[in-house]
Amino acid sequence: MLVLGIETSCDETGIALYDSERGRDRPVEGLIAQALHSQVAMHEHYGGVVPELASRDHIRHVVPLTRHVLDQARLKPQALDAIAFTRGPGLAGALLVGAAAGSAMALALGIPAIGVHHLEGHLLSPLLSARPPAFPFVALLVSGGHTQLMHVEGVGRYRLLGESIDDAAGEAFDKSAKLLGLGYPGGPALAALAQSGSGARFKLPRPMLDSGDLTFSFSGLKTAVLKLVRQEADRDSHARADIARAVEEAIVDVLVAKSISALKRTGLERLVVAGGVSANLRLRERLDAAAAQRGANVFYPEQSLCTDNGAMIAYAGACRLALQGNDAHATGNSYGFAIRPRWNLVDAAAD
Ligand code: KG4
Ligand code: ZN
């Protein structure tokens with residue numbers, strides 16, 4: 001099965017081709033072409049994503065990038081067996097672009113259009129790495145909009161173990177970065193600055209660290225960061241880097257503690273980390289060390305597949321197709337491209 005994946009939920013237009021026959025033994029080998037257009041340069045000027053501009057930019061790129069990946073693979077559209085697009089969650093206008101383009105192409109070609117849950121794409125993306133995890137595993141999903149721990153038994157078999165009751169971890173990185181005067185997207189900028197900082201100088205709160213459950217809360221952190229920035233940022237040449245390091249350590253500490261606690265509770269030995277924040281090197285270093293102490297293993301997506309991309313949507317679409325066959329209802333499709341800007345992954349899997 002040859003699946004075209006279209007990701008347009010936020011600020012990246014990602015398109016990819018996944019061939020499930022070629023990926024049968026090693027999923028990464030099924031990824032035969034991919035292209036990504038990032039809107040970072042466009043939104044940077046405004047300090048964050050401007051939804052209307054995002055939609056318009058997706059419109060400009062979705063068809064040319066689709067042509068590009070087909071050319072890359074030397075294939076004609078008629079070779080496609082299905083088209084997967086991100087159905088939600090995300091920005092409504094941005095989602096509509098991928099849904100409309102994907103459904104229109106699928107209708108014209110007479111093939112299924114599959115509405116994929118964006119977080120399912122992230123969750124399955126480590127399977128596209130050189131060292132893919134086996135099921136079952138605990139998944140830590142850490143993106144700009146979500147922080148969730150899931151018990152994953154297989155494709156479509158997800159149980160929520162805990163999540164953030166307010167801001168996501170990525171949001172905490174982004175908001176703290178903004179307070180430090182760093183550009184958008186803040187996570188990578190803050191992480192870069194933190195590398196030259198000292199973790200010993202400032203101590204920030206670790207929200208919910210001892211809550212005894214797998215719930216996260218990051219909204220209080222930004223108030224503490226604001227106070228610290230006001231009091232200390234201009235004190236000396238190291239202060240901003242030291243604050244960045246303190247922010248990173250606080251977020252990472254909580255993510256590591258709750259992930260290890262999820263492994264303990266479930267008795268599982270594999271932890272999968274996915275979503276934009278999984279690119280964070282300090283998080284990887286700390287998780288690897290903590291998991292090793294328990295004899296557990298941690299799996300990540302390749303760096304290029306941590307943030308939004310078309311490959312994870314093509315792959316998730318191919319997995320859904322394998323699971324549900326061509327049944328239009330089961331694959332969330334009737335060419336009506338009903339998008340779901342707010343959509344819960346556990347509900348989506350049960351749909
Ligand atoms: O998964 P993603 O690309 O988009 C959403 O689905 O939200 O995640 C984007 C988030 C942003 O909050 C961004 O700042 C964060 O991931 N991020 C990072 C790093 N790279 C991306 N946060 C910390 N360290 C990084 N290296
Ligand atoms: Zn994402």
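In what follows, every heavy atom counts, from backbone to side chain, and hydrogens, waters and symmetry copies are set aside.
Across all their heavy atoms, V97 and S55 have their closest contact at CG2-O, 3.6 Å. C306 approaches S278 most closely through the heavy-atom pair SG-OG, 3.3 Å. Heavy atoms only, all atoms of each residue included: A169 and V277 are closest at C-CG2, 4.3 Å. Residue L190 comes nearest to V247 through the heavy atom pair CD1-CG1, 4.1 Å, listed as atom of the first residue, atom of the second, then distance. Of all heavy-atom pairs between D167 and F218, the closest is O-CD1, 3.6 Å. T86 and T8 get closest at one heavy-atom pair: OG1-N, 4.3 Å.
Note that the NE2 atom of H58 and the CG atom of D11 stand 7.0 Å from one another [nearest 0.5 Å]. A distance of 11.0 Å separates OG1 of T223 from CG of L204, quoted to the nearest 0.5 Å. With values rounded to the nearest 0.5 angstrom, C319 atom SG is found 10.0 Å from L321 atom CG. In this structure, the separation between CZ on R87 and CZ on R340 is 5.5 Å, given to the nearest 0.5 Å. In this structure, CD on E7 lies 7.5 Å from CG on N309, to the nearest 0.5 angstrom. From S304, atom OG reaches atom CG of L36 across 9.0 Å, with rounding to the nearest 0.5 Å.
Looking at L221 and K175, their side chains never come closer than 4.5 Å, going by heavy atoms from C-beta outward. Taking 4.5 Å as the limit, some side-chain heavy atom of R206 sits within range of a side-chain heavy atom of E249. R342 has its side chain out of reach of P89: every pair of non-hydrogen atoms, C-beta onward, lies at least 4.5 Å apart. Residues H118 and D308 form a side-chain contact, since some pair of their non-hydrogen atoms from C-beta on lies under 4.5 Å apart. Using a 4.5 Å heavy-atom threshold, the side chains of H146 and E163 count as separate. No side-chain heavy atom of I6 sits under 4.5 Å from any side-chain heavy atom of I313. Counting heavy atoms from C-beta outward, L345 and L123 have side chains that approach closer than 4.5 Å. A heavy-atom distance below 4.5 Å is found between the side chains of P301 and P126.
Residues V152 and L287 do not share a hydrophobic cluster, defined by chaining ILVMFWY side chains whose heavy atoms lie under 4.5 Å apart. L214 and M208 are not part of a single hydrophobic cluster, where members link through side-chain heavy atoms under 4.5 Å apart. No single ILVMFWY cluster, assembled from side-chain heavy atoms under 4.5 Å apart, contains both V272 and L140. Under a hydrophobic clustering in which Ile, Leu, Val, Met, Phe, Trp and Tyr are joined whenever their side-chain heavy atoms come within less than 4.5 Å, directly or via other members, V346 and L161 fall into different clusters. Criterion: ILVMFWY side-chain heavy atoms under 4.5 Å apart, direct or through other members. Under it, Y315 and M150 are part of a common hydrophobic cluster.
For residues 182-204, the set of pairs meeting the salt bridge (charged side-chain N to carboxylate O under 4.0 Å, His left out) definition, not counting sequence neighbours, comprises R201-D236, R201-D242.
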Would E248 and N280 count as a side chain to side chain donor-acceptor pair (under 3.5 Å) if you check the C-alpha gap in whole Å, the side-chain angles of each, and the deciding distance to 0.1 Å?
-> CA-CA 9 Å; E248 187 174 55; N280 187 278; 2.8 Å; yes
Could you go step by step and tell me if V256 and L283 meet the side-chain contact (heavy atoms from CB on, under 4.5 Å) rule?
-> CA-CA 8 Å; V256 171; L283 176 65; 4.3 Å; yes
Should R286 and D253 be marked as a side-chain contact (heavy atoms from CB on, under 4.5 Å) after you check the CA-CA gap, both sets of side-chain angles, and the distance that decides it?
-> CA-CA 8 Å; R286 294 275 316 279; D253 254 4; 2.7 Å; yes
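Side-chain atoms of K222 do not come within 3.5 Å of backbone N or O of E171 as any donor-acceptor pair. Between the side chain of R282 and the backbone N or O of A191, no donor-acceptor pair lies under 3.5 Å. At distances below 3.5 Å, at least one donor-acceptor pair connects side-chain atoms of Y300 with backbone N or O atoms of R284. Of the possible donor and acceptor atoms, none in the side chain of K178 sits under 3.5 Å from a partner among the backbone N and O of G186. No donor-acceptor pair under 3.5 Å is formed between the side chain of Y18 and the backbone N or O of A316. In this structure, S217 contributes its side chain and P207 its backbone to no donor-acceptor pair below 3.5 Å. Although no hydrogens or angles enter the test, the distance criterion places a donor-acceptor pair under 3.5 Å between the side chain of T266 and the main chain of A262. With hydrogens and angles disregarded, no donor-acceptor distance shorter than 3.5 Å links the side chain of D19 to the backbone of L2. Of the possible donor and acceptor atoms, one in the side chain of R240 sits under 3.5 Å from a partner among the backbone N and O of L180. Under the 3.5 Å distance criterion, the side-chain polar atoms of T147 are left unmatched by any main-chain donor or acceptor of S164.
Residues near W343 contribute nothing to a hydrophobic cluster around it, because no ILVMFWY side-chain heavy atom sits closer than 4.5 Å to its side chain. In the hydrophobic clustering, where aliphatic and aromatic side chains (Ile, Leu, Val, Met, Phe, Trp, Tyr) are joined below 4.5 Å either directly or transitively, M42 groups with Y46, V50, L53.
In the displayed structure, Q231 atom CD is contacted under 6.0 Å by more than 12 heavy atoms of other residues, nucleotides or ligands. Applying the 6.0 Å contact sphere to CZ of R67 captures no more than 12 heavy atoms from other residues, nucleotides or ligands. Counting heavy-atom neighbours within 6.0 Å of E21 CD, excluding the residue itself, gives a total above 12. By the 6.0 Å contact criterion, CZ on R230 is open, its count of non-hydrogen atoms from other residues, nucleotides or ligands being 12 or less.
Looking at E120, Q148, E153, H117 one by one, the single match for side-chain hydrogen bond (donor to acceptor under 3.5 Å, both in side chains) with Y158 turns out to be E120.
Aromatic ring pairs are classed by plane angle as parallel below 30°, tilted from 30° to 60° and perpendicular above 60°; the pair F137 and F135 is parallel.
Both the sub-6.0 Å distance and the 45° axial angle are not jointly satisfied by R245 relative to the ring of F202.
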